[in-house]
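In what follows, residues are counted from 1 in the order of the sequence shown.
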Amino acid sequence: MMVVIVNAQTSFYDFTVKDINGEDYSLSQFKGKKVLVVNTASKCGLTPQYEGLQELYEKYGGDDFMIIGFPANNFLKQEPGSNEEIATFCSINYGVSFPMMSKVSVKGDDQHPFYLWLTSKSHNGLEDSKVTWNFQKYMIDEEGQLVGHFSPKTKPDNEELLSWIVN
């Protein structure tokens, strides 16, 4: 078992993750942008949220806002595919063009260090939370700090979420 120490009050920008192609992907490239982090799955009742996320990305993505997807197979094995299969599914079915990362675990003993940071107040400085299902949404501000999260059932066109993006 690999143990990764995450320092308290680490910034979002301190993480390097793997993208869907297995390449290093530094989150520091998003300095100055709001980022919506979403754990995704291809065989979930909430999977159609990909469409709304892509619409959000097309409308607001760019200099001030970004969406990052993290496929995860933690809930009823609803993301069984390989990274390549996930990338193909997202492209063909939803035209996803926002960055997708390699499949990770968002909870449990094998939780990815980045998700440990997102869900632990001792690490993120804001709140303890649990990823309760696919498509939970975490909000990162322009300074790389967690500022809150939305439940999986919160749709991408939710007024409170849109207000956070534009203000």
Side-chain angles (χ1 to χ4, degrees), residues 1-42 49-50 53-74 79 81-91 94-131 134-150 152 156 161 164-167:
M1 178 167 125
M2 183 176 92
V3 175
V4 177
I5 307 293
V6 179
N7 295 327
Q9 301 296 312
T10 305
S11 164
F12 173 81
Y13 303 134
D14 294 329
F15 288 92
T16 297
V17 295
K18 297 284 185 190
D19 70 13
I20 197 86
N21 299 310
E23 302 293 322
D24 283 348
Y25 196 89
S26 175
L27 300 183
S28 66
Q29 67 186 290
F30 299 117
K31 285 185 178 173
K33 295 183 183 191
K34 291 179 180 175
V35 180
L36 189 67
V37 176
V38 185
N39 61 299
T40 62
S42 302
Q49 285 194 28
Y50 269 127
L53 290 168
Q54 181 60 29
E55 289 171 3
L56 262 189
Y57 181 68
E58 288 173 7
K59 185 168 185 177
Y60 300 107
D63 293 338
D64 299 321
F65 175 70
M66 181 58 64
I67 297 171
I68 304 174
F70 282 87
N73 197 32
N74 293 98
E79 188 52 273
S82 67
N83 285 330
E84 185 177 331
E85 290 167 334
I86 295 165
T88 299
F89 173 87
C90 289
S91 176
Y94 296 101
V96 169
S97 59
F98 56 84
M100 291 292 292
M101 300 301 111
S102 287
K103 188 159 67 170
V104 299
S105 178
V106 298
K107 67 177 194 163
D109 291 340
D110 61 344
Q111 183 180 42
H112 189 280
F114 176 62
Y115 265 84
L116 176 63
W117 179 80
L118 281 175
T119 59
S120 301
K121 183 177 182 175
S122 61
H123 299 305
N124 63 47
L126 178 70
E127 65 182 5
D128 285 321
S129 65
K130 288 185 179 174
V131 181
N134 305 307
F135 292 90
Q136 188 148 322
K137 298 151 196 77
Y138 285 90
M139 302 173 293
I140 309 297
D141 71 10
E142 299 90 336
E143 283 78 48
Q145 298 303 312
L146 178 67
V147 294
H149 72 278
F150 288 99
L161 176 55
W164 172 73
I165 293 168
V166 299
N167 292 318

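Taking every heavy atom of both residues into account, I140 and W117 meet most closely at CD1-CZ3, 3.8 Å. Heavy atoms only, all atoms of each residue included: M101 and P71 are closest at O-CD, 3.1 Å. When all heavy atoms are compared, the tightest approach of G144 to S11 is O-OG, 3.5 Å. What you find for F30 and Y25 is that their closest heavy atoms are CZ-OH, 3.3 Å. In this structure, V96 and Y50 approach most closely via the heavy-atom pair CG2-CD2, 3.8 Å. Taking every heavy atom of both residues into account, D128 and S122 meet most closely at OD1-N, 4.4 Å.
Two residues are said to be in side-chain contact when any heavy atoms from C-beta on lie closer than 4.5 Å; L56 and L161 meet this criterion. Within the 4.5 Å cutoff, no side-chain heavy atoms of L36 are placed close to those of M66. Contact annotation: the side chain of H149 approaches that of E127 to within less than 4.5 Å [non-hydrogen atoms, C-beta and beyond]. At least one side-chain heavy atom of S105 sits less than 4.5 Å from a side-chain heavy atom of N74. Side-chain contact check for F135 versus L53: some heavy-atom pair is nearer than 4.5 Å.
In this structure, CZ on F70 lies 6.0 Å from OH on Y115, to the nearest 0.5 angstrom. Note that the CE atom of M139 and the CG atom of L146 stand 7.5 Å from one another [nearest 0.5 Å]. Taken to the nearest 0.5 Å, the CE atom of M100 stands 11.0 Å off from the CD1 atom of I67. L118 CG to K130 NZ: the interatomic distance, rounded to the nearest 0.5 Å, is 16.0 Å. In this structure, the separation between CG on L116 and CZ on F114 is 11.0 Å, given to the nearest 0.5 Å. Rounding to the nearest 0.5 angstrom, the gap separating the OG atom in S129 from the NZ atom in K121 is 12.0 Å.
Residue pairs satisfying the side chain to side chain donor-acceptor pair (under 3.5 Å) criterion with at least one member in residues 53-64, sequence neighbours excluded, are listed as follows: Q54-E58, Q54-S97.
A donor-acceptor pair under 3.5 Å links the side-chain atoms of K103 to the main chain of G81, judged by distance alone. Of the possible donor and acceptor atoms, none in the side chain of D141 sits under 3.5 Å from a partner among the backbone N and O of V147. The closest donor-acceptor contact from the side chain of S91 to the backbone of A87 lies at 3.5 Å or more, if one exists at all. Checking side-chain atoms of K31 against main-chain N and O of E142 turns up no donor-acceptor pair under 3.5 Å. For the pair N124 (side chain) and Q145 (backbone), a donor-acceptor distance under 3.5 Å is absent.
For the side chain to side chain contact (heavy atoms under 4.5 Å, CB included) with Q136, the lone residue among V131, V38, V106 that qualifies is V131. For the side chain to side chain contact (heavy atoms under 4.5 Å, CB included) test with I68, the passing option among D19, T40, L27, V17 is L27; the others fail.
For the residue pair Q111 / T119, a side-chain donor-acceptor distance below 3.5 Å is found, with atom types taken as modelled. In this structure, a donor-acceptor pair under 3.5 Å is present between the side chains of S26 and S28.
Legend: residues meeting ring pair (Phe, Tyr, Trp, His ring centres under 6.0 Å) with F65, ordered by chain and number and at least two apart, are absent. With sequence neighbours left out, H112 forms a ring pair (Phe, Tyr, Trp, His ring centres under 6.0 Å) with no residue at all.
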